[in-house]
Structure formats: C-alpha cells, structure tokens
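Worksheet for the structure shown next.
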Amino acid sequence: MTTEQRDAAGPGTALPEDHLRSGSSVDDLRGAVLAKLAYAVGKTQPDASQRDWFLATALAVRDRIVQGWQNSYRATNAGGTKRVYYMSLEFLIGRLMFDALTNLGLTDAMREALSGLGVDLDTLREVEPDAALGNGGLGRLAACFMESMATLAVPAYGYGIRYENGLFRQVVKDGWQQEYPENWLSFGNPWEFARPEIAYDIGFGGHVETLPTEAGPPRYEWFPSETVEAVAYDTPVVGWRGQHVNTLRLWSARAGDPLRLDAFNQGDHVGAMADRVRAEAISKVLYPSDATPAGQELRLRQEYFFAAASLQDLVRRHLKKYPTLHNLPDKAAIQLNDTHPAIAVVELMRILVDLQTMPWAEAWEITQATFGYTNHTLLPEALETWPVPLMERLLPRHMQIIYLVNALHLDKLRAAGQSDVEVLRSVSIIAEGWGQQRVKMGTLAFIGSHRINGVSALHTDLMRQTVFRDLNALYPDRINNKTNGITFRRWLIEANPALTAILVDVLGPAVLDDPSRLEGLAAHAGDPALQARIRAAKRDNKLALGRIIAARTGVQVDPDALFDIQIKRIHEYKRQHLNLLETVALYNAIRAEPWRDWAPRVKIFAGKAAASYHTAKLIIKLANDVARTINDDPTVRGRLKVVFLPNYNVSLAERIIPAADLSEQISTAGMEASGTGNMKLALNGALTIGTLDGANVEIKERVGDDNIFIFGLTAEQVAERHRTGLSARDTIAASPRLAEVLEAVSSGVFSPDDTGRYKDFVQALSDNDHFLVTADFDAYYAAQRQVDALWRDEAAWWRCSIMNTARVGWFSSDRTIGEYARDIWNVPVAAAE
Ligand SMILES: *Cc1c(COP(=O)(O)O)cnc(C)c1O
C-alpha cells in the first residue's frame, strides 16, 4: 500500500488540525504522531506495534519537511536558478528518520514526545528498514552528496532506480556467506511520494527510419518495438538546519499497458503477464556487483531506462519555462556518477538532433557543456564496455549516434595532425578485440563531458597517466580532482552523539555548521581531562557495539581491548586477507610467548562479497574459520578475539565506526580510488593503519605523519612489480613468519573439517600475487606492532585520536560539493552560517 493509499484509507473525516502538521513543540509532535497513528496507520495506542509507531513518527516528521520542500521548489523555479541533476545507478541511503530529525532540529523534542507515550525513539530507529540501493562507496557517496547539496541549498535532483530489492541481505551460515533478498519496501516506505502522473515511455529495440529533408542532412526516427513506462517516486532530502529541501527521484518500471487486454481477453493470461514481468524486471533488483561490470542485458536496460526517464523529465521541466533547449547548459548541470548513466550523453543528442531538429554541431556543444563525468575506478576489469551487437539490437538509434560521435571525434584528431594509430585506437569509443566490437563507456562519457573528475588526488593523477592518458593529452583541461567527502551530519552528529556533545562543549555549537572549527581541538589534544572524556565516550560506544556483537555472533568482547576495524566490501584489492594473515601471525606469536604483555585486541570484520565472486566468499569463510579457532583457544586468554559481523550496511556502519580505535585501510596502492570509510573512521577518532592509496594520502597530509601508521609499497612500486613479475616465492622464502602463516592456512590448521579448503588460495598467492599481499606482509606486521606500542602509551594514543578528529574537517562532503559547484557545475552555494 502506498502512503497515499494509506492516507486515503483512514477514516478521513477528522483531519488533524493544521498546527499538528507543522508545529514543533513537544505537544505538537505528540499530537501529530497520534494523529498519524490513528488516521494514516489505522491503529490505536494499545494495539500499536513498534513498526506502527515508527510509521506514525516518520509520517509526522515528513509533514514537517513538506513546507520547506515546496518553498525550495518555488524559489528555484521563480528565480530560474540552475539545477544540478545527479545521475546514479546507486544511492546507498540507509535509514532516513534520524537524518530528517537531526536536520530539522527535532530529535530531542521527538524523543520527549514519544517517551510521554511510552515509546522509545531509539527502538523505533532500529525498526526502519535500511535502504540499500547501492553496493558500497559509490552509492554511499551519492547519498552523502544529496545531503550536502540540500545543506548548501544547491537546487538538485538525484535520479536513480527504485529497486524493489536492494543489496542482498547477508547471512553467515557455517562461516559461508549466503544471500537473501532484501525487500525493503514490503511494509511500505513512509518517506516517498508516488507520482503516478509523472511517467514516461521508454523505448527498446525496433528500427530506425531515414526521412529525407528538403535541404540538408536526412532526419532519423526511431521506432522502438517495446515500451516500458518509468514512474516517479519522490523522496524529499532535507539539508542541515532544514533550510533547503531537494528531491531524490527514483524511477519504477511499469508495463506500458498494465495488461495487454486483447491477449488477456483471448485467454492468453500467461502471455499477457510475461510482457509485464519482462518490463517490470527493470526495477526489481540492484545488481550486486562491486568493481566488476555486470555484463547482462538487463543491466543495460536498467541504465538506459533511468537515463532516458531522467532526461525526459529534465527536458520537460526546461521546456515548460524556456522556448528551446539552447540555454540548457545555463539551467542544468548533469553529473554522471561513474559510467553507468553514460548512455544519457547519447540520449540527449537524440533528443536534440532527432526530436528538436537541432544541427548536430550545436547539439554536441550543448551536450558537452551540460555533462560532467566522475570516474570511480581504474581497475581494468571494472571499466564498463558493451558489445556493439547488443547495443545495436537494444538501442539501434543510439548505436548510430555513437558511431557518428566517434567518427567526428577521430576526424578532428586526424585533422589536427594526429596520425599515430595506437593513439587513435586508444581514444576511440569503439574497442576492437575480444572477437567483437565493444562500446567503451568511459571514453564515451569523457568525450561527452566538459569536465571529468577523479575522486582523490592520487586517483586523479593515475587517471591522467593510465586509462585516460591519451585523451588527457588531447584535452588537458578536462580532468580535475574532487576528493570525496562524507556528510558529518550522519557520520558524526547522528552516529556519535557522545563525541558530538564533547565537541560542542569544547568548541561551541558553531562546530556543527563549520567543520573547519574542529581544528580548535588540536590545541587541547594533550589535555588529560579532554582525553579522559573522549576515552569514556569511546568506551561507551564500544560497550554498545559489544552488545551487538554478542547478540549477533555470541562472542564476548572486552571494551578495554583495542577495537581494530576493517569494514567494507570484501575484495582482493582491499586485502582483508592481508589482515587475516597478520591475525594468524599474531596468534602464533601469542602462543609462542604467552607470558608477554600482549596488547589485547579485537579484530572486527564486516562486509559483503559479490554473490559470484568466489575468492571473496572464501575470504569470508577464512575470517570465520580463523575467528572460531582463535576465539576457542584457551592459550590466547582473551588477548586476541576475531569477529565477523554479518550483513554490513549503513546502519551497522553507524554502530561500528564510533567504537573504532584502529581503521584498516590497507588496499594495494593504486587500486582504491578514494575510500570514504577511511574518512568516517578518522573523524570518529580512529587511527588509520594504511597504504599510500586513495584519500589515505590526503588524510596523512592533514593529520600528520605522527598520527597515522603508513606502510607498504607505493602505487609506483606496485606498478613496477606488475611490470617485472609477481612470483612471491622469494618474498615468502625471505620471511619465516609469513611462510609459517601460509603453511598453517594451507595445511588446514583453521579448517580441520576440510584441510584442503585453502590450499589453492595459498598456492595462488605464491604463484601470482597480483594484489601484493605477500610483498606488503612484513611491513604491515611491523606497523601493527607500532600500533601495539602506541596503544600502551595511553596519553600518546588519545592525543593521536583527538588529532585525527581535529584535522579531518576538510573531508566534509560540503567541501567536496562546494568544489563541484564552483569548478564543474557553475552554480552558487549558500554561505556557511
Ligand atoms: C562508507 C561505506 C562504504 C565505503 O567504504 P570504503 O571503506 O570506502 O570502501 C561501503 N559501505 C557502507 C555501508 C558504507 O557506509
């Protein structure tokens, strides 16, 4: 049932008083929640479940967003202000209730209002489904950006897909990952507004007709063979202090003709339903792939579906106000979050040339001036390409346009004197090879955009040197860097109220509006009283996490042990296995010298593996095998515990991060584009142990070399190893500690039930250690012992922790969005208060 239907289903006579819709006193809020419980949820107090109370509360909060939403919309429209359209196949938004309450400043009042009804706000918080419309960092970035754009009053729409099933729910059974569907919408979604009147036809397949014109080139018209309807669902996104509200517009697929009645009436019920199922499959599931392309036709259908719907939507909005699309770049900036929406470049050309009969050259100028493209990965296996025959069959007119864009692009280069076949091949949108032609979506996005950005300084440099080297030489002004950021509202104020209270106390409430004020903390980093407060807050957070760990895994952890945290997607380049091998080495060392004063540690892992990524799933099994063996070994006596927390998502991250002492950011240098988990953890006072990769480099520059543990090969050294060969035999032979660990894992010490389980896995590390786990092992082990040493010096440790919080204000996504606004979108941002 949609919210509208639920509203309509209420008795409908005694509509609540107006003040109940907008008032913010405790009494107003309590009255509003009770009105929602009665009229929208249809329950009375005695029968209300926690979920009923959550819905009533969320709907009452939502009412308080709507006025600001309409004001923001009207102001943007009246002023003719330029809008930003952020197109992303993923929005990893998580729960929304505390975002809304925090930004409206209503958290305390609502807590009190509910407590008067015998309801606990923090219990309701856990009832809200976690909206996981994304895989990891890329999708979470889109969500942080939406919040920051609202905060900075940048008029913006986020465009994406309303997947019925978000990222799978991870269950760990006997140590193995199992995937279960995550039907987050099954009990309704109180934050969204269905907009059945905002629906567009999206075509697929069919053929193209050439229509001669009186003068000039012929016109082309696409006649699709299949039509799917895209229906809008809007979620308001409220910014800090509730000043500005933007829209996240997600598209749901619906069969054009709900049921083909002719077929249905002729008795072909199954046939009629089949078309419908095929159409609606587009918004059924998020592809659970991370850093690998999902080479499925349905995925390409998803990409075109949401790109085309979003373009129709923004073009309609533009043409309602202006007579032509000539001024589109003055009124709209479209940002492509990775290449997934890159087909939008071609769709805009089709709209301009075929539908608006604009000359090609002019259309191309408008297109380039409107689009910006963010690159998120350099891993060759993750660069998206589509087979030409598939593109031709699904989007025949678009394929024609791509060929022409490419031919004109290459002509221009040849005319400018470029004759090197290798260069021309590398900058062509069409790749030969693999036995078939393919469309390189990254090249298409690059050529169709006026700005292309990387997501950390190192990643942007590597973009210039590797994937886009030749394109960068041709268009040297286009690539620029926009180091990622995170929203401090969610990752500090909401996730860590205890630390937030201390910061406000020490630095004043203005720190909540201006994260650069965190710097003021540095002057007090050595203050024993402040250290004691920070430490006590962390201990409470660790106790709370300990309760979650006990409830979900049965493992008891000591809040006074060092909490060593690696939480992120499971991937070989992120090297959870490096951490596990070090864990085994530490285990061996503790057993060998049990009398020594070992610093107690809890190693906490969480993360999902792509369902088809066998090695990543084996790494999860290894984490669980190592955990069981170590946690059951009486010799270790609690000095080392290992935990794998299942079903990592935004909500779990919000509980783990405030409890972290050490942040593991140990990817193979050159492979993590930026990382944002690293920023969340440093902000919450965790010290980083990491490689010089992604934004770790910039975190190090800001917190200072003394407040971070850096180890391992540099990106340059990694590239050199990849050139000269990756056999790890000599490395292993030179490190008795590593050899012993590998031997233990390989021979089945951690898998007595199946002693061969890790044989091939260890063998592969010795033969072809692409991710350089063995090469970095000794340096990592040594860095971990430095961590132990610092942990024993309490004053020094907490000084470092405070310095981390003090010096990472720059990683606020408000700063990142300010840079996009200035350098890419050319839109103003609201000044900080
Ligand atoms: C921040 C975040 C990520 C990204 O983490 P990295 O360590 O940067 O890979 C992934 N998933 C969730 C749920 C997050 O909150």
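We count ligands from 1, going down the list as the structure has it; atoms in each ligand are counted the same way. Sequence positions, counted from 1, serve as the residue numbers for this chain. Please read these numbers as outputs of a predicted model, since none were measured by experiment.
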| query | What protein heavy atom sits nearest atom 11 (N) of ligand 1, and how far off is it? | reply |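 In this structure, atom 11 (N) of ligand 1 has Y648 CE2, 3.5 Å as its nearest protein heavy atom.
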
List ligand 1 atoms under 4.0 Å from [X], heavy atoms only on the residue side.
X: G675; answer: 8 (O)
X: V650; answer: 13 (C)
X: G137; answer: 3 (C), 4 (C), 10 (C)
X: T676; answer: 1 (C), 4 (C), 8 (O)
X: W491; answer: 15 (O)

| Are K608 and F168 in a cation-pi contact, defined as NZ or CZ under 6.0 Å from the six-membered ring centre and within 45° of the axis? |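 Yes, K608 lies over the aromatic ring of F168.
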
| task | May I ask you to establish whether R162 and Y233 are in a cation-pi arrangement, using a distance under 6.0 Å from NZ or CZ to the six-membered ring centre and at most 45° from the ring axis? | result |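 Yes, cation above the ring, under 6.0 Å and within 45°.
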
| request: With heavy atoms under 4.0 Å as the rule, classify the contact between N649 and ligand 1 as side chain, backbone, both or neither. | output: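 For N649, only backbone atoms sit under 4.0 Å from ligand 1.
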
| Between the side chains of R125 and S651, does any donor sit under 3.5 Å from an acceptor? |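 Absent: no donor and acceptor within the cut-off.
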
| said: Run L152 and W240 through side chain to side chain contact (heavy atoms under 4.5 Å, CB included) and show every step you take. | reply: CA-CA 8 Å; L152 295 175; W240 175 237; over 6 Å; no

| Which is closest to atom 3 (C) of ligand 1 by heavy-atom distance: K680, K574, K568, R569? |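 Checking each option, the heavy atom nearest atom 3 (C) of ligand 1 is found in K680.
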
| Identity of the nearest option to atom 6 (P) of ligand 1, non-hydrogen atoms only, from G677, S663, G694 |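 Considering heavy atoms of G677, S663, G694, the nearest to atom 6 (P) of ligand 1 sits in G677.
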
| task | Please work out whether the ring planes of H722 and H770 are parallel, tilted or perpendicular, with thresholds of 30° and 60°. | result |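 Aromatic pair H722/H770 classed parallel.
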
| Residues which pass side-chain contact (heavy atoms from CB on, under 4.5 Å) with V650, listed by chain and number, not counting sequence neighbours |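 With sequence neighbours excluded, V650 shows a side-chain contact (heavy atoms from CB on, under 4.5 Å) to L92, D130, R140, R490, W491, E654, given in chain and number order.
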
| By side-chain contact (heavy atoms from CB on, under 4.5 Å), which residues pair with R51, not counting sequence neighbours? |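 By the side-chain contact (heavy atoms from CB on, under 4.5 Å) rule, R51 matches S49, L55, V127, F187.
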
